[in-house]
Chemist: 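Okay, here's the structure, questions in a sec.
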Number of protein chains: 2
Amino acid sequence: MPGPAITARDLARHLGVSQSMVSRAFSPGASVAPEMRARILQSAAEMGYRPNIIAAALSRRRSSIVGIVMGELSNPFYPAVLEQLTGALGAAGFQPLLFTVPPGQEADAALPMLRQYHVDAVVVTAASLSAAGAADWLGDGRSAVLFNRTAAGEAEPQAIAGTPLPDSVACDNVAGGHAAAEALLARGRRRLAFVAGRPDTSTSRERERGFREALQARGLPPPLRADAGDFSYEAGHRVALDLREADGIFFANDILALGGLDALRHEMGRRVPEDVSVLGFDDIPMAAWPAYRLSTLRQPVPAMVARTVDLLRARLAGETDGPRAERLPAELVERASL
Amino acid sequence: MPGPAITARDLARHLGVSQSMVSRAFSPGASVAPEMRARILQSAAEMGYRPNIIAAALSRRRSSIVGIVMGELSNPFYPAVLEQLTGALGAAGFQPLLFTVPPGQEADAALPMLRQYHVDAVVVTAASLSAAGAADWLGDGRSAVLFNRTAAGEAEPQAIAGTPLPDSVACDNVAGGHAAAEALLARGRRRLAFVAGRPDTSTSRERERGFREALQARGLPPPLRADAGDFSYEAGHRVALDLREADGIFFANDILALGGLDALRHEMGRRVPEDVSVLGFDDIPMAAWPAYRLSTLRQPVPAMVARTVDLLRARLAGETDGPRAERLPAELVERASL
DNA sequence: ATCGTGATTGCATCCGCATGCAAAGCCCCT
DNA sequence: AGGGGCTTTGCATGCGGATGCAATCACGAT
């Protein structure tokens, strides 16, 4: 028997005031005499009253809950994101309702649920949102921000001006790819290779594009290319085996790079960085471990999280500008694999 | 302007029936003629109607939301737990509302929030719940299950019979510690050491107890002991440096063991397993990586998650037996560090 | 044709809080 | 003393569904 939680009415009766006053005492900016509010808040504290958020959500048509849909949590980059995100969201007065979608699946599957829960907004990370899903969701005024992802069709001409795009916060992957090429080249590497992750992710594609463009800009031949198909240690390990020719490998992210590093060292007998330089992307905790000392491009997660929350706030406050695509710079972290 | 979601009333009017019927059509077991229900469900699908869970929660006094409070997500064991837990919870019709508490802090801090959201139940993992917090929460009929943790005072005499204890699901850490000792001994190791993690966690303590008891039972001297103070790679790395004497080290969990392994190999020049055997606990993905090949005691996470959800279901169905403490066996996974 | 019974509906209310609107209360000025 | 304008309060109602209870209905039995 869930303890008969005390309600605003109970408190009101106890104080001999109306329920409205109790409600107002808890709504910042409502019209209440200072002493009245103080009196109410005090008794509330004494009697252990706390507004029922469910009821408030129903009445106010705003839940203060934001959905987070995550694809795989197996890439260590995401737990860190999740941790920071829940923290920041909480500080901003939101609670995250967590949805996970099977890796490789689109976030769309979670949309119906999200609607049912009437979340105020949704942040999608480690998964993508189809253009149709986005249109559907944004279509009736809800907001969404893609984290570490780019909206499907973001680069396309405004031909599809009719379909709204979600906001997105990510780091500048193209510039990152560019920096990766420069770093490898600066080390004298010339037989470069790129290892792609999941082919349908903007992260992998943009990083590759930046990498290729940098080489092209220098008049150098395009890099070798391996398709891991997936952002996993195993996939990185597997495809590295095919990269005997390369003397400089840029992996689409750290987890792939770690797998590759182990393959190079333990299976292929190649020394890193003597024989081959390796670069990752993200800067997950393991990259710094002595067993790896992976050089990588660090994503500014704290800043990305802060932007995400700011964006959410602005949207919920009614801002309706065109979709924003925030891009933060990645930073090269040089360790021992370069 | 959040699209004027269609309500049960809208649908009802559209079909010329009462709102109650719509509601009933969506409540399994309610009294509705089969054809009526079919008709309603169909139009619902066509018009895109889905019951507003917030409203339902208010009315039914049950939210179908369960809170998950997590301490640190930095130990890779927990993201995996979280992923499986959200999946299983979802399959059982619950949605997880995620709370994170700063590492080292008790889950109590999240309790007020959890009450406000009127979650049906809470599962606490990677954090502990103080006896007072538990009493407070359970006191008024709510339920809680500790995951990979033991209730504070669970072993104590029923002197505190008045204070209810939360349910708990964990693996049999004592038996695991026992198995660890046996495995090390079987390898001929005699100068054993135990590396403790956070001192206030049941996991670290129980594993240590099992380890010591096993040695004692054989009439062997107690193990050396190092206090990492924390379940982290860095802590494991640091304390391993003090374990020159040991030829067999049992770390309270994998993440500590990985740090220790790197210290032993890269800083101390010791060969594993030639000079020293290392054992961890959990079996996180990294334990299997070629760079480590850590032998460990695997926690049966899928089974633990299943039990957790079953327990939750039973509790919400009204079961009020004494607190349950489910213990599942850990399994020794022998890789190359033994 | 009449009555009893179980299956279906509709009605009215309630869940706990938010909020527009009108009633009251106050302070200050003429 | 009378009136204007602003601040506090209380009232009534709404949010979207769930549900106890009474009203209907359909049918088979007598």
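We use all heavy atoms of the structure for the numbers below, so side chains are in, but hydrogens, waters and symmetry mates are not. Chain naming here is simple, since letters A, B, ... match the order of the sequence lines and numbering starts at 1 in each.
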Chemist: Specify the closest pair of heavy atoms between A:L58 and B:I54, including all atoms of both residues, with the distance to one decimal.
Modeler: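 Looking at all heavy atoms of both residues, the closest pair is N-CG2, 3.8 Å.
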Chemist: Mapping B:A8 and A:R9 to their closest nucleotides on DNA chain D, which lands nearer the 5' end?
Modeler: A:R9
Chemist: Evaluate whether atom CE of B:M113 has more than 12 neighbouring non-hydrogen atoms of other residues, nucleotides or ligands under 6.0 angstrom away.
Modeler: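 12 or below, so no.
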Chemist: Evaluate A:E72 against A:R198 for salt bridge (Lys or Arg N to Asp or Glu O under 4.0 Å), listing each step before the verdict.
Modeler: CA-CA 12 Å; A:E72 51 194 330; A:R198 282 201 37 203; 5.2 Å; no
Chemist: How close or far is atom P of D:dA18 from atom CZ of B:R61, stated in whole angstroms?
Modeler: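 For the pair B:R61 CZ and D:dA18 P, the rounded distance is 13 Å.
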Chemist: Please determine, by modelled atom types, if B:T7 and B:R13 share a side-chain donor-acceptor pair under 3.5 angstrom.
Modeler: no
Chemist: Could you list the residues that satisfy side chain to side chain donor-acceptor pair (under 3.5 Å) with A:T125, not counting sequence neighbours?
Modeler: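 For A:T125, no residue satisfies side chain to side chain donor-acceptor pair (under 3.5 Å) once neighbours in sequence are set aside.
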Chemist: Rounded to 10°, tell me the angle between the two end axes of the helix from C:dA1-D:dT30 to C:dT30-D:dA1, each built from five pairs.
Modeler: 50°
Chemist: Could you tell me from which nucleotide to which nucleotide of DNA chain C, 5' to 3', there is an atom under 4.0 Å from chain A heavy atoms?
Modeler: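 Boundary nucleotides touching chain A, in 5' to 3' order, are C:dG16 to C:dG20.
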Chemist: What distance do A:S64 atom OG and A:I53 atom CD1 have between them, rounded to the nearest 0.5 Å?
Modeler: 5.0 Å
Chemist: At what distance, to the nearest 0.5 angstrom, does CD1 of A:I68 lie from CG of A:L85?
Modeler: 4.0 Å
Chemist: For B:Q42, give me all partners under side chain to side chain contact (heavy atoms under 4.5 Å, CB included), at least two apart in sequence or on another chain.
Modeler: B:E46
Chemist: So what does B:V17 touch, heavy atoms closer than 4.0 Å: a base, only the sugar-phosphate, or nothing?
Modeler: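 The residue B:V17 makes sugar-phosphate contact but no base contact.
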Chemist: Hey, which of A:R324, A:R315, A:R142 is the one that makes salt bridge (Lys or Arg N to Asp or Glu O under 4.0 Å) with A:D167?
Modeler: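 Answer after filtering A:R324, A:R315, A:R142: A:R315.
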Chemist: Do any N or O atoms of the protein come closer than 3.5 Å to N or O atoms of nucleotides 19-25 of chain D, and which pairs are they?
Modeler:
unit_1: D:dT19; atom_1: O4; unit_2: B:S20; atom_2: OG; d: 3.2

Chemist: Of all residues at least two apart in sequence or in a different chain, which pass the salt bridge (charged side-chain N to carboxylate O under 4.0 Å, His left out) check with A:D136?
Modeler: A:R115
Chemist: Ignoring hydrogens, what is the shortest heavy-atom contact between A:H118 and A:S63? Give both atom names and the distance.
Modeler: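 Heavy-atom minimum between the residues: O-OG, 2.9 Å.
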Chemist: Does any pair with a residue in residues 16-30 of chain B pass salt bridge (Lys or Arg N to Asp or Glu O under 4.0 Å), and if so which ones, sequence neighbours excluded?
Modeler: none
Chemist: What parts of residues 32-40 of chain B reach DNA chain D, counting only heavy atoms under 4.0 Å away?
Modeler: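 Those residues: none at all.
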Chemist: Can you list, by residue number, the residues of residues 42-53 of chain A that have a non-hydrogen atom closer than 4.0 angstrom to DNA chain D?
Modeler: none
Chemist: Sorted by first residue and then second, give each side-chain hydrogen bond (donor to acceptor under 3.5 Å, both in side chains) pair with at least one member in residues 79-94 of chain A; sequence neighbours left out.
Modeler: A:T86-B:T100
Chemist: Does any pair with a residue in residues 87-96 of chain B pass side-chain hydrogen bond (donor to acceptor under 3.5 Å, both in side chains), and if so which ones, sequence neighbours excluded?
Modeler: none
Chemist: Who pairs with A:A92 by side chain to side chain contact (heavy atoms under 4.5 Å, CB included), at least two apart in sequence or on another chain?
Modeler: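 For A:A92 the side chain to side chain contact (heavy atoms under 4.5 Å, CB included) partners, ignoring immediate neighbours, are A:F94, A:V309, A:R313.
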